[in-house]
Every structure is written in structure tokens, then in C-alpha cells.
Protein chains: 2
Amino acid sequence: MKDELGSVARLIDELKKLPGIGQKSAQRIAFHLLKKSKEESQQLARTILDVKERIRFCSVCNNFTETDPCVLCTSPSRDDRVLCIIEQPQNVTSIERTGGYKGRYHVLHGALSPMEGIGPSELKLDSLLERVRKQKVEEAILATNPNVEGEATAHYLFSLLKPLGIRVTRIALGVPVGSDLELADEVTLSKALEGRREL
Amino acid sequence: MKDELGSVARLIDELKKLPGIGQKSAQRIAFHLLKKSKEESQQLARTILDVKERIRFCSVCNNFTETDPCVLCTSPSRDDRVLCIIEQPQNVTSIERTGGYKGRYHVLHGALSPMEGIGPSELKLDSLLERVRKQKVEEAILATNPNVEGEATAHYLFSLLKPLGIRVTRIALGVPVGSDLELADEVTLSKALEGRREL
């Protein structure tokens with residue numbers, strides 16, 4: 001089977017490299033593409049190539065962008081005084097989707113992780129400090145992930161940013177909306193108790 | 001965001017058309033591709049285009065193939081007297097993986113489904129009957145899916161093939177190996193009881 005359908009096997013191998021795609025999903029997608037018209041598959045291939053041609057990093061916030069600086073950095077309607085610091089470009093999308101944030105962003109491209117050999121020099125910290133100084137930032141919101149690496153990074157950022165005399169805040173850790181207390185793990189629940197607010 | 005990252009949004013839209021890929025997975029894959037080197041993404045795009053160039057249907061068994069007839073149809077080591085009838089090309093892969101089947105295949109490219117307007121004329125039945133007559137088939141194994149459409153198709157095939165004087169068998173329906181009786185649904189369990197075998 002492998003010898004015969006070399007091109008299918010190669011496609012399955014390529015698809016398996018994608019996140020969240022195992023052998024079965026890769027197979028299913030490959031057979032789906034085989035069944036679809038040539039035009040549809042070509043369009044998928046073309047958009048993959050296209051995205052790599054057009055997208056670069058914003059020289060200000062390090063987010064993905066087609067124009068440099070990106071629209072979030074150049075938009076006049078956004079507040080220079082608030083800076084949200086996140087690990088990955090996709091986190092910008094998540095926060096933008098809330099519709100409630102109107103400040104600027106700074107993408108670190110990672111989190112501190114001694115286990116994986118990621119130290120401060122691997123993160124976009126120099127440009128962060130420069131921005132905080134030049135841009136008259138009044139509040140830095142630490143929106144790194146609520147896991148070990150994200151927490152460590154938040155602590156490290158706090159120690160860097162606090163001496164600059166600005167407000168440094170951390171997004172709330174607690175029980176997710178729409179879930180059930182029964183389903184919350186102990187750590188989340190104790191964070192939720194710890195972070196309780198006066199009504 | 002959408003205006004700026006047009007090419008990313010387009011890629012996410014294309015990825016969402018794939019089976020089992022929702023908004024979140026599509027986003028994850030798109031950002032993964034953005035992070036990877038240009039060469040890696042190009043290779044994925046190229047294998048997608050490549051597969052559409054090379055693959056056609058086997059004129060004998062209707063399976064996907066790069067050579068016509070396919071290697072499974074031309075292999076001299078396989079038994080012409082046994083014919084396994086399946087719904088989709090990917091089912092060949094599943095059965096080949098068992099390593100226990102040495103006969104030939106016939107892909108129907110679908111199952112009877114009045115709800116979706118798929119009748120006998122939509123399936124590859126003419127060539128099936130012709131093969132059974134010419135190829136001296138002694139046993140037809142009905143390996144259509146164990147669902148309503150697959151069962152209906154198996155019954156229909158039985159009514160077509162039995163009059164030709166050959167053995168017509170159906171793959172066993174029962175509890176899957178490695179699972180737990182507790183987890184089996186009632187229908188499966190009654191099929192398993194119905195199909196019990198003498199030890």
C-alpha cells in the first residue's frame with residue numbers, strides 16, 4: 001500500500017506534523033482532499049504559500065502582520081498608556097475577541113522555561129523595556145498563560161517593570177464562566193478564593 | 001484584525017473546510033504554519049498539489065491509485081476468489097492493516113442512503129457484478145459500515161449477489177476487542193449475542 005500510494009503517504013506524513021493531527025485525522029483529511037475537486041485543494045495549497053509570503057513580524061509589538069508596524073500599533077484609537085504583555089501572537093486574537101481591551105500589545109514569543117532552555121534572552125524583553133520607557137506606559141497587564149511557565153514569566157516581568165514606576169497587573173486566575181465548581185481543580189479553586197472581590 | 005491579517009484569515013477559512021477541523025484547530029494550525037520555516041510550509045502545499053496530480057481511481061476496484069490497475073488488483077499473490085466489498089477507499093487501508101486479508105477489493109464509493117438521495121445507481125455496482133461473473137469469485141465479504149446505511153447496503157448487495165450462486169458473508173458485528181462490556185451500547189451487545197460462536 002505504501003509503495004503504491006507514495007503521494008498519499010507523503011501527504012499523510014506532512015499532515016501529521018500539524019498540531020493536534022494524528023494518524024487517523026491525517027488520513028481522514030488526506031482522503032477528504034482526494035475526494036474534493038482539484039481547484040479546492042489547489043486553493044488550500046495556495047493560501048498556505050500565500051500566508052508565508054505576506055506575513056512578517058511587527059517591529060513594534062512582535063505580532064504577525066502584513067504591514068509594519070501593524071494596525072494595532074498604528075491605530076490612533078488605541079490607548080498608548082496600557083500595554084498587554086502576552087506569550088504568543090495568537091493570544092492577541094483571543095484578547096481582541098473579548099472586545100473589551102483598547103490598549104496596545106507586546107508579544108514575548110515564549111515564556112521562561114528552564115526545562116526547555118528558554119531564558120530571558122530568548123524573549124522580546126529589550127524592546128518591551130524600551131517601549132515602556134518611551135511610550136509613557138502607565139499600566140502593564142501581564143497576560144501570560146496561567147501555567148508554571150506563564151506564572152514564572154509574570155513574576156520575572158513584575159521584577160523588571162515595577163522599578164520603572166508603573167502599575168503592573170496580572171489577569172485574574174479563577175473558575176471559568178459557565179463551568180461548574182464541581183469540575184474545577186483544587187489549584188484553580190484556591191486561586192479563585194484568593195482572588196475574591198468585594199461586591 | 002481581520003482586515004490586517006487577510007491572508008491568515010483566508011488560511012483559517014480554508015483549513016476549516018477540512019474534516020474534524022473547527023475554528024480553534026484551524027487557528028492553531030495556521031499559527032503553527034506561520035511559525036514554521038517557509039520550506040516546511042511549502043512542502044505541505046506541494047504534497048497537497050502532488051497528490052491531486054498523481055492519484056486517480058483504479059478502473060478495476062475503484063480504489064485510489066497512482067497506476068491503473070492498482071497494485072492490489074494486479075498483485076499475483078492475492079486470491080481472485082475472495083472479494084471484499086467496502087464503501088470507501090480508506091476502508092482498504094483499514095483492512096490491509098489487519099494483515100489477515102489476501103483477497104481482492106471492490107470500492108462502492110458510498111452506501112445506500114435514501115435520505116441523502118443515494119440509490120443503487122450512485123454506487124459502483126455494474127462493475128461489481130461484472131467482476132463477480134468474470135473473476136470466478138467464490139465469496140463476497142460485505143464489509144460496509146456497521147450503521148444504518150451500511151447495513152441497508154449489505155442487505156441490498158446480498159439480494160444482488162446471492163442469485164449468482166456464490167457465498168455472501170458479512171463481517172461480524174460485536175463488542176470491540178479491548179473495550180468493556182459496561183461501555184457497549186445495547187444494539188452492539190445484542191449483535192454480539194446474536195453472532196455468538198461455538199468454542
Side-chain angles (χ1 to χ4, degrees), chain A residues 1 3-15 17-21 24-25 27-55 57-58 63-67 70-72 75 88-90 92-94 96-97 109, chain B residues 1 3-15 17-21 24-25 27-55 57-58 63-67 70-72 75 88-90 92-94 96-97 109:
Chain A
M1 202 58 189
D3 293 322
E4 186 202 10
L5 295 179
S7 55
V8 179
R10 277 196 301 279
L11 177 58
I12 292 174
D13 283 344
E14 282 301 316
L15 291 168
K17 292 181 190 166
L18 300 175
I21 307 289
K24 291 235 168 167
S25 309
Q27 216 170 293
R28 210 169 141 211
I29 293 171
F31 280 109
H32 168 89
L33 289 172
L34 280 169
K35 287 222 144 183
K36 287 285 148 188
S37 75
K38 204 167 180 173
E39 287 67 39
E40 281 175 86
S41 296
Q42 279 175 341
Q43 205 179 328
L44 172 61
R46 231 180 295 118
T47 51
I48 291 170
L49 296 173
D50 195 45
V51 92
K52 296 301 283 188
E53 283 300 330
R54 288 166 184 264
I55 301 292
F57 292 118
C58 171
N63 191 8
F64 289 126
T65 182
E66 289 187 1
T67 55
C70 74
V71 288
L72 290 169
S75 164
Q88 301 294 349
Q90 52 266 47
V92 174
T93 319
S94 310
E96 280 301 283
R97 220 184 290 129
H109 282 278
Chain B
M1 204 55 191
D3 294 323
E4 186 201 9
L5 294 179
S7 55
V8 179
R10 278 196 300 281
L11 177 57
I12 291 175
D13 283 344
E14 282 301 316
L15 290 168
K17 293 182 190 166
L18 300 176
I21 306 289
K24 292 234 167 166
S25 309
Q27 216 169 293
R28 210 169 140 212
I29 293 171
F31 281 108
H32 168 90
L33 289 172
L34 280 169
K35 288 221 141 185
K36 286 287 148 186
S37 74
K38 204 167 181 173
E39 286 66 39
E40 281 175 86
S41 296
Q42 279 175 341
Q43 205 179 328
L44 172 61
R46 231 179 295 120
T47 51
I48 291 171
L49 296 173
D50 195 43
V51 92
K52 297 301 284 189
E53 284 300 329
R54 288 167 184 262
I55 300 292
F57 291 118
C58 171
N63 191 9
F64 288 126
T65 181
E66 288 187 1
T67 55
C70 74
V71 286
L72 289 170
S75 164
Q88 301 294 349
Q90 52 266 46
V92 173
T93 319
S94 311
E96 280 300 284
R97 219 183 291 128
H109 281 280

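Each chain gets a letter, A, B and so on, in the order the sequences are listed, and its residues count up from 1.
- Only the side chain of A/Gln27 comes within contact range of chain B, judged by heavy atoms closer than 4.5 Å.
- Once rounded to the nearest 0.5 Å, the distance linking CG of A/Leu18 with NZ of B/Lys36 reads 10.0 Å.
- Inter-residue side-chain proximity for B/Leu15 and A/Thr47 is flagged as unmet; no heavy-atom pair is nearer than 4.5 Å.
- The distance from the CD atom of A/Glu40 to the CD1 atom of B/Ile48 is 12.5 Å, given to the nearest 0.5 Å.
- Comparing A/Pro19, A/Ser37, A/Ala45 by heavy-atom pairs within less than 4.5 Å of chain B, the highest count is held by A/Pro19.
- For chain B, no part of A/Ser25 is nearby; none of its heavy atoms comes within less than 4.5 Å.
- Tested against B/Ser7, the residues A/Glu53, A/Glu66, A/Arg54 include a single side chain to side chain donor-acceptor pair (under 3.5 Å) partner, A/Glu66.
- Closest approach of B/Val8 and A/Ile55 over heavy atoms only: CG2-CD1, 3.6 Å.
- The neighbour count for B/Lys24 NZ, taken as heavy atoms of other residues, nucleotides or ligands under 6.0 Å away, does not exceed 12.
- In this structure, B/Leu11 and A/Asp50 have side chains that are not in contact, with every pair of non-hydrogen atoms separated by 4.5 Å or more.
- Counting heavy-atom pairs closer than 4.5 Å to chain B, the top-ranked of the candidates A/Arg46, A/Gln42, A/His109, A/Gln43 is A/Gln43.
- In this view, B/Gln90 and A/Phe31, B/Gln88 satisfy the side-chain contact (heavy atoms from CB on, under 4.5 Å) rule, not counting sequence neighbours.
- Side-chain atoms of A/Lys52 never come within 3.5 Å of backbone atoms of B/Glu39 as a donor-acceptor pair (strictly under, hydrogens ignored).
- B/Ile29 CD1 to A/Ile29 CD1: the interatomic distance, rounded to the nearest 0.5 Å, is 6.0 Å.
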